[in-house]
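We use all heavy atoms of the structure for the numbers below, so side chains are in, but hydrogens, waters and symmetry mates are not.
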Amino acid sequence: MKGWKKLIPILTALSLVLSGCGSADPSAKEQAPGEATADSGKVLRVGRMTELFDMNSVIATEADCLEIVSAIIEPLFITSEDGTPANALCESYEVSEDGTEYTFHIRKEANWMGGTPVTAHDFVFAWQKLVSPDVASEYSFMMEVAAVKNASPIIAGEMDPKELGVSAKDDKTLVVELDHAVPFFLNLMTFPSFCPINQAYYEEKGTDYSLGAENLLCCGPFYMSEWEVGGNTYQLKKNPEYWDADNVKVDQIDFQIIKDPQQTMLAYENGDLDYVRLSGEQISKYEGQPGFTRIEEGYLWYLSPNLNPKSPEYSCGLENENLRKALALSYDKDAICFDILKDGSIPADFAIPNRLAIGPDGKDFRETAGTYLKTDKEKAKEYWETAKKELGVNEVTIELLYDDSDSTPLIAQFLQSEMEGTLPGLHIELKAQPKKSRTQLMQDREYQLGLTRWGPDYADPMTYLDMWTTGSVYNYGEWSNADYDALIEAANGELATDPATRWEKLKEAEKLVMDHAVILPVYQKGTAAMVRENVSGLYFFPVGVGTLYKFVEVK
């Protein structure tokens with residue numbers, strides 16, 4: 001998944017007729033899709049490219065699944081328009097002076113559909129499932145990131161899940177113990193993996209739980225009224241029992257799966273859809289038209305040089321800092337973003353993406369941090385000449401490893417052309433691999449220069465910065481710097497209760513990574529959407545839940 005924020009328009013009047021789907025409706029009389037809202041017109045119609053396969057908050061990993069989970073099963077907090085956590089099922093909370101114990105008070109009026117109260121026990125049950133080795137959730141690591149007491153040994157199978165540092169003081173009071181303070185702990189609580197699950201309902205459904213609309217118990221702003229696993233349509237309806245139902249302005253959201261981008265846009269132009277994502281050449285075609293909206297995603301694409309290859313065959317001089325800087329400044333990032341991708345991506349002169357995290361000063365990290373390794377071909381030539389002298393060579397050959405899918409081959413070919421054209425005597429050999437193989441080669445350190453990406457798992461710069469510590473599995477280049485390690489250790493430890501100082505140390509850490517050209521940034525992924533102009537209140541985020549539907553409103 002992986003990776004925030006902004007209010008944006010969408011919605012119109014007609015509903016998509018759904019067929020062949022499972023259903024779950026609290027009404028005694030089942031209504032046809034759109035029937036209840038035919039006059040009001042409060043129906044949003046969304047185009048999607050992928051099916052839903054599991055709505056279990058503990059198991060779900062795909063972006064579309066996580067979006068829907070957050071719409072039907074609310075966590076303690078949701079992400080607000082400015083990217084900060086806002087109270088959801090949590091009405092209030094206290095935190096200990098050392099930041100290692102949180103006490104959350106769950107809203108008294110928060111109920112599951114049917115009237116059963118949402119309790120602290122629901123969170124305890126769900127969180128224990130998340131770390132259980134029997135479940136083997138791909139997102140169990142989020143509990144380790146949150147530093148919930150005993151999470152790591154439980155995930156490793158060394159302790160019982162019941163020993164996790166989470167307990168119900170009473171039905172509406174949840175207590176969470178941490179191994180150490182985590183400054184971004186509340187941001188983590190917005191992630192769907194931390195949603196509650198009603199134990200009685202879960203056990204009643206057994207292996208059918210979350211597989212189909214009729215196997216879901218909801219407590220969020222919407223409930224899933226129509227859905228079959230793998231079906232090409234699904235539907236949400238406003239949850240009349242939701243604690244904040246008065247602020248939910250749409251009655252129904254219809255989703256249609258259309259895998260062909262051209263067919264998707266035809267449906268939009270015909271008035272059958274209200275909100276669709278654009279791809280490739282569609283961006284330039286629709287840019288400037290009413291409803292066109294750019295969306296920044298949190299994915300950072302970058303080149304990872306192998307500084308410490310495991311065998312001589314992968315040694316090519318990239319341990320030389322001037323060679324890395326020469327490469328980093330040699331390619332035109334603007335051309336990559338605006339001439340090749342044309343998808344809303346922006347040039348990356350940084351290691352921490354735009355709109356990833358808000359600091360204690362209320363500003364986005366990038367607003368007060370520097371810019372680094374900006375394209376400068378003349379400066380690149382200077383670094384190149386210095387590097388050749390230091391290496392004692394006139395020519396250098398580097399193998400560039402990259403994925404063989406999507407637009408990545410085009411990017412790799414362009415990088416080859418730019419680097420060789422800017423730096424005489426440099427030879428870039430291309431090596432395309434399936435993504436899984438490319439990733440494995442980089443994890444095994446059996447590569448020279450790799451084109452890769454990282455998507456943020458939570459809203460803090462640490463989701464990137466801890467990758468480049470000594471010994472990190474994602475530190476593909478095997479860079480090691482004692483000063484950097486100390487900065488990260490302090491930011492994760494002693495500075496956890498001093499947010500302002502910690503924030504400045506994170507900026508210092510990014511500067512170290514960039515000054516040493518540990519990675520060579522290329523672009524921050526973007527996309528674009530078409531939405532109807534008579535709608536407001538759709539929030540987009542580049543991390544965590546990509547789209548928040550709660551506040552969508554008809555104008």
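For CD of Glu94, the number of neighbouring non-hydrogen atoms (other residues, nucleotides, ligands) closer than 6.0 Å is greater than 12. The 12-atom threshold is exceeded at CZ of Phe292, counting heavy atoms of other residues, nucleotides or ligands nearer than 6.0 Å. Crowding of Lys435 atom NZ: a count of heavy atoms from other residues, nucleotides or ligands under 6.0 Å not exceeding 12. More than 12 heavy atoms of other residues, nucleotides or ligands shown are found within 6.0 angstrom of CG on Asp444.
Atom CD1 of residue Ile59 and atom CD of residue Glu62 lie 13.5 Å apart, to the nearest 0.5 angstrom. Interatomic distance, OG1 of Thr527 versus CG of Leu341, reported as 11.0 Å (0.5 Å rounding). Atoms CZ and CG, from Phe184 and Asp460 in turn, are 4.5 Å apart once rounded to the nearest 0.5 Å. A distance of 6.0 Å separates CG of Leu512 from CG of Leu487, quoted to the nearest 0.5 Å. Here the CE atom belonging to Met55 is positioned 11.5 Å from the SG atom belonging to Cys195, to the nearest 0.5 angstrom. Within the model, atoms CG of Asp334 and CD1 of Ile340 stand 11.5 Å from one another, a figure rounded to the nearest 0.5 Å.
Judged purely by atom type and a 3.5 angstrom limit, Thr173 has no side-chain atom pairing as donor or acceptor with the backbone of Lys169. No donor-acceptor pair under 3.5 Å is formed between the side chain of Thr422 and the backbone N or O of Met419. Panel note: side chain Ser70, backbone Glu67; a donor-acceptor pair is recorded below 3.5 Å. A donor-acceptor distance shorter than 3.5 angstrom exists from the side chain of Asp98 to the backbone of Thr100, with no hydrogens or angles considered. Of the possible polar contacts, one joining the Ser472 side chain to the Met467 backbone as a donor-acceptor pair under 3.5 Å is found. Distance alone, capped at 3.5 Å, places no donor-acceptor pair between the Asp160 side chain and the Glu163 backbone. No donor-acceptor pair closer than 3.5 Å links the side chain of Ser330 to the backbone N or O of Lys377. Glu367 places a side-chain N or O within donor-acceptor distance of the main-chain N or O of Asp364, the cut-off being under 3.5 Å. Panel note: side chain Gln524, backbone Glu297; a donor-acceptor pair is recorded below 3.5 Å. In this structure, Arg107 contributes its side chain and Ala88 its backbone to a donor-acceptor pair below 3.5 Å.
Using a 4.5 Å heavy-atom threshold, the side chains of Val522 and Tyr331 count as touching. Using a 4.5 Å heavy-atom cutoff, the side chains of Pro183 and Pro499 are not in contact. Contact check for Tyr476 versus Tyr447: side-chain heavy atoms found under the 4.5 Å cut-off. In this structure, Phe104 and Leu186 have side chains that are in contact, with non-hydrogen atoms separated by less than 4.5 Å. Using a 4.5 Å heavy-atom threshold, the side chains of Phe77 and Cys90 count as touching. By the 4.5 Å heavy-atom criterion applied to side chains, Phe541 and Thr547 are not counted as neighbours. At least one side-chain heavy atom of Leu323 sits less than 4.5 Å from a side-chain heavy atom of Leu318. Using a 4.5 Å heavy-atom cutoff, the side chains of Phe350 and Asn354 are in contact.
For Glu91 and Lys172, the salt-bridge test fails: no basic side-chain N is under 4.0 Å from an acidic carboxylate O. Note on Arg366 versus Glu510: salt bridge recorded, some NZ/NE/NH1/NH2 to OD/OE distance being below 4.0 Å. Ion pairing between a basic and an acidic side chain is recognised when a charged N comes within 4.0 Å of a carboxylate O; Lys505 and Glu508 show such pairing. Salt-bridge check for Lys550 with Asp244: passed, with a basic side-chain N closer than 4.0 Å to an acidic carboxylate O. With respect to Arg294 and Glu287, a salt bridge is recorded, a charged nitrogen being found less than 4.0 Å from a carboxylate O. Salt bridge Glu478/Arg445: present, at least one basic N to carboxylate O contact under 4.0 Å. Salt bridge annotation for Asp179-Lys149: absent, with no cationic side-chain nitrogen under 4.0 angstrom from a carboxylate oxygen. Between Lys511 and Asp515 there is a salt bridge, since at least one side-chain N of the basic residue sits less than 4.0 Å from a carboxylate O of the acidic one.
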Quick one: do Tyr484 and Trp479 satisfy ring pair (Phe, Tyr, Trp, His ring centres under 6.0 Å)? Show the steps, please. CA-CA 10 Å; Tyr484 184 83; Trp479 181 63; 5.1 Å; yes

Before giving the answer on side chain to side chain donor-acceptor pair (under 3.5 Å), spell out for Thr375 and Asp332 the whole-Å C-alpha distance, their side-chain angles and the decisive distance to 0.1 Å. CA-CA 6 Å; Thr375 301; Asp332 188 340; 5.3 Å; no

Going through the checks in order, is the side chain to side chain contact (heavy atoms under 4.5 Å, CB included) test met by Leu164 and Val148? CA-CA 7 Å; Leu164 186 69; Val148 177; 3.7 Å; yes

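The two atoms that bring Ala351 and Tyr464 nearest to each other are O-CD2, 3.7 Å, heavy atoms only. Counting all heavy atoms, side chain and backbone alike, Arg324 lies closest to Ala517 at NE-O, 3.1 Å. The minimum heavy-atom distance linking Ala71 with Pro221 is given by the pair O-CD, 3.2 Å.
If you look at Phe551 and Tyr539, their ring centroids are closer than 6.0 Å. Between Trp503 and Phe365, the ring centre distance stays below 6.0 Å. Note: Tyr102 and Phe185 meet the aromatic proximity criterion, with ring centroids under 6.0 Å apart. Between Trp454 and Tyr302, the gap from one ring centroid to the other reaches at least 6.0 Å.
For the residue pair Thr470 / Asp485, a side-chain donor-acceptor distance below 3.5 Å is found, with atom types taken as modelled. For the residue pair Ser152 and Glu144, a side-chain donor N or O sits within less than 3.5 Å of a side-chain acceptor on the partner. A donor atom on one side chain and an acceptor atom on the other are found under 3.5 Å apart for His121 and Asp171. A donor-acceptor pair shorter than 3.5 Å can be found between the side chains of Asn320 and Glu390.
A search for ring-ring contact (aromatic ring centres under 6.0 Å, His included) contacts involving Phe414 returns nothing, not counting sequence neighbours.
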Extract all donor-acceptor atom pairs below 3.5 Å that involve side chains of residues 124-133 and protein atoms in other chains or at least two apart in sequence.
| residue | atom | partner | partner atom | Å |
| --- | --- | --- | --- | --- |
| Trp127 | NE1 | Phe194 | O | 3.0 |
| Ser132 | OG | Asp134 | N | 3.2 |

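Between Asp403 and the choices Arg453, Lys436, Arg438, the side chain to side chain donor-acceptor pair (under 3.5 Å) rule is met once, by Arg438.
For residues 338-353, every residue pair satisfying the salt bridge (Lys or Arg N to Asp or Glu O under 4.0 Å) rule, not counting sequence neighbours, is listed here: Glu281-Lys342, Lys333-Asp349, Asp343-Lys525, Asp349-Lys374.
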